[in-house]
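Okay, structure first, notes after.
The chains referred to below are lettered A, B, ... by the order of the sequence lines, with proteins before strands, and numbering in each begins at 1.
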Protein chains: 2
Amino acid sequence: MTRPAPALLKPRKAPQQSRSAVTIAAIHEATIQVLLADGVGRLTTTRVAERAGVSVGTMYQYYPHKQALLYAIVDRQLQSIIEAMLTAADRLKGHDLASLARGLTTAWLDAKTADMVASRAIYGIAAEFDLTEVMKRTMDLMTQVIAELLAAAPDARLADVHGVAFMLMAMLGGAVRVVLEVQPSDEDLDRLRRELPRVCLAYLLSANEGAAG
Amino acid sequence: MTRPAPALLKPRKAPQQSRSAVTIAAIHEATIQVLLADGVGRLTTTRVAERAGVSVGTMYQYYPHKQALLYAIVDRQLQSIIEAMLTAADRLKGHDLASLARGLTTAWLDAKTADMVASRAIYGIAAEFDLTEVMKRTMDLMTQVIAELLAAAPDARLADVHGVAFMLMAMLGGAVRVVLEVQPSDEDLDRLRRELPRVCLAYLLSANEGAAG
DNA sequence: TCCGAAACTGAAGAATCCTTCATATCCTTG
DNA sequence: CAAGGATATGAAGGATTCTTCAGTTTCGGA
């Protein structure tokens, strides 16, 4: 998508006193709330400020424009997920396919549901401006990480490691996304948590067999 | 999400002369183009009219407001997908799990990629206002259809047919979505087409075994 | 306690955007 | 071919939204 201009997406200034940190947190929280309650279309600076209990001007003290605020929120969430996955990857390195299937799905679900509200809110802005770009980069990184795990698995004999990692990432990311997006019931979440590892493992074993010499 | 008001989402009037049909088609096409080129945020009535080569007023002759236009486009695409899937389901009824895995993924991918541009565009507005509602209903319907197919498969011995159908739908819908959303390369699409059936089949067999008496 | 910096305020300007409607043009049918 | 409905136009009103900035309040250190 050829969007407006990259613009300056960085925060305007960092908080120095503790009260401003509180303010920023309130703004973030308010943004997510408005996002979930009213949708992107009705996410206005005024509404966010109002719900955060601050004035509009305050927001503009930390972010040069609305986009920068949204970007900050998405970035924070993505970073948190990346971090969680990298930690999990570190722990899972060298484990067999079964452990990987279980470990990866658990880590992904944990990361996404830890702050489920934020996750759901973010799906809403993903389409806006150039967030696709950021999300694509994140997915590529995750795919890379998964590929390395697969390569290091003792019982793995995969012909196309990267291809399998790609599919795994698409399934994980996609399935969790569509489920979370529609305000899932507890039953739905349970099912996801129970079946997703099975899906991944079944696929891994199938791909492994198919490529066995 | 508590959104504005359901509003009247139906078209204002139906075309009677052939030229108006052409106009409507042009408006639809333009909407999708603007959506992909500029994103939801910059999708304005003026821009759409301009690209369609008509005046703004013309659009308001067929749709009471912008939302109705977007709704019409989403609805058309969803209906087309539903129809394709129902046709496929009809053909696949009574087939075994392997055929179902192959048939369902192929049908889904065909439906989504037939008008890939429209599909991608729609992912962008999905988050907006009450489209989540419509999409959820569509997904529920599809899940139901898949469940019936699974129940009718001769080699199926699934304990929780609905649960498996739910997962299958989440995987299909989700995986295809995340891949299409990021302007996939031909290689990505090939991979999806090649591996997705394998994923589904592997899962079905695994679930079938796990539940065998 | 007092002062300078940090943080906050919110009215108002500027920019969009949605929608209407009076008017003009194009078909079709009798 | 003339009349009447169907279709198209686009300037303008009304509403919303983003962003700024001059002025006020609060905090922290001296």
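What you find for B:Val199 and A:Tyr203 is that their closest heavy atoms are CG2-CD1, 3.4 Å.
For C:dA7, the OP1/OP2 oxygens have no side-chain nitrogen or oxygen of A:Thr58 closer than 4.0 Å. Applying the 4.0 Å criterion to OP1 and OP2 of C:dA6, one finds that A:Ser20 has every side-chain N and O outside that range. Contact annotation: A:Lys13 reaches the phosphate of C:dA7 (side-chain N/O to OP1 or OP2, under 4.0 Å).
Residues B:Arg51 and B:Glu29 are not in side-chain contact: their nearest non-hydrogen atoms beyond the backbone lie 4.5 Å or more apart. Under the 4.5 Å side-chain criterion, counting only non-hydrogen atoms from C-beta, B:Arg177 is in contact with A:Glu181.
Note: CG (B:Asp38) to C1' (C:dC17) measures 15 Å, nearest angstrom. Rounded to a whole Å, the OH atom of A:Tyr60 is 14 Å from the C1' atom of C:dG13. Atom-to-atom, OH of A:Tyr63 to P of C:dA7 comes out at 13 Å; the value is rounded to the nearest Å. If you take NZ of A:Lys66 and P of C:dA15, they are 18 Å apart, rounded to a whole angstrom.
Counting 5' to 3', DNA chain D first comes under 4.0 angstrom of a heavy atom of chain B and last does so at the ends given by D:dA6 to D:dG10.
Between B:Arg47 and B:Glu50, no side-chain nitrogen of the basic residue sits less than 4.0 Å from a carboxylate oxygen of the acidic one, so the salt-bridge criterion is not met. A salt bridge links B:Glu195 and B:Arg198; the closest N-O separation between the charged side-chain nitrogens and carboxylate oxygens is under 4.0 Å.
Residue contacts for A:Gln16: at a heavy-atom cut-off of 4.0 Å it reaches the sugar-phosphate backbone alone, with no base atom in range. Residue B:Thr44 is classed as a sugar-phosphate contact, given heavy-atom separations below 4.0 Å to backbone atoms only. Within 4.0 Å of B:Tyr62, counting heavy atoms only, lie sugar-phosphate atoms of the nucleic acid but no base atom. Note on A:Leu69: nothing from the nucleic acid sits closer than 4.0 angstrom, heavy atoms only.
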Polar atom pairs between nucleotides 23-30 of chain C and protein, under 3.5 Å, N or O only, would you list them?
unit_1	atom_1	unit_2	atom_2	d
C:dC26	O2	B:Arg19	NH2	3.4

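Residues of residues 46-53 of chain A that place a heavy atom closer than 4.0 Å to DNA chain D, in numerical order, are A:Arg47. For DNA chain C, none of the residues of residues 22-34 of chain B falls under the heavy-atom distance limit of 4.0 Å.
Heavy atoms of other residues, nucleotides or ligands lying less than 6.0 angstrom from CZ of B:Arg193 number more than 12. In this structure, B:Arg194 places its CZ atom where more than 12 heavy-atom neighbours from other residues, nucleotides or ligands lie under 6.0 Å away.
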Between side-chain atoms of residues 18-26 of chain A and protein atoms elsewhere (two or more places apart, or another chain), which donor-acceptor pairs fall under 3.5 Å?
unit_1	atom_1	unit_2	atom_2	d
A:Arg19	NE	A:Gln17	OE1	2.8
A:Arg19	NH2	A:Gln17	OE1	3.1
A:Ser20	OG	A:Gln17	O	2.7
A:Thr23	OG1	A:Arg19	O	3.0

Please output the side-chain donor-acceptor pairs of residues 79-89 of chain A that fall under 3.5 Å, not counting sequence neighbours, one pair per line with the distance.
unit_1	atom_1	unit_2	atom_2	d
A:Thr87	OG1	A:Glu83	O	2.9

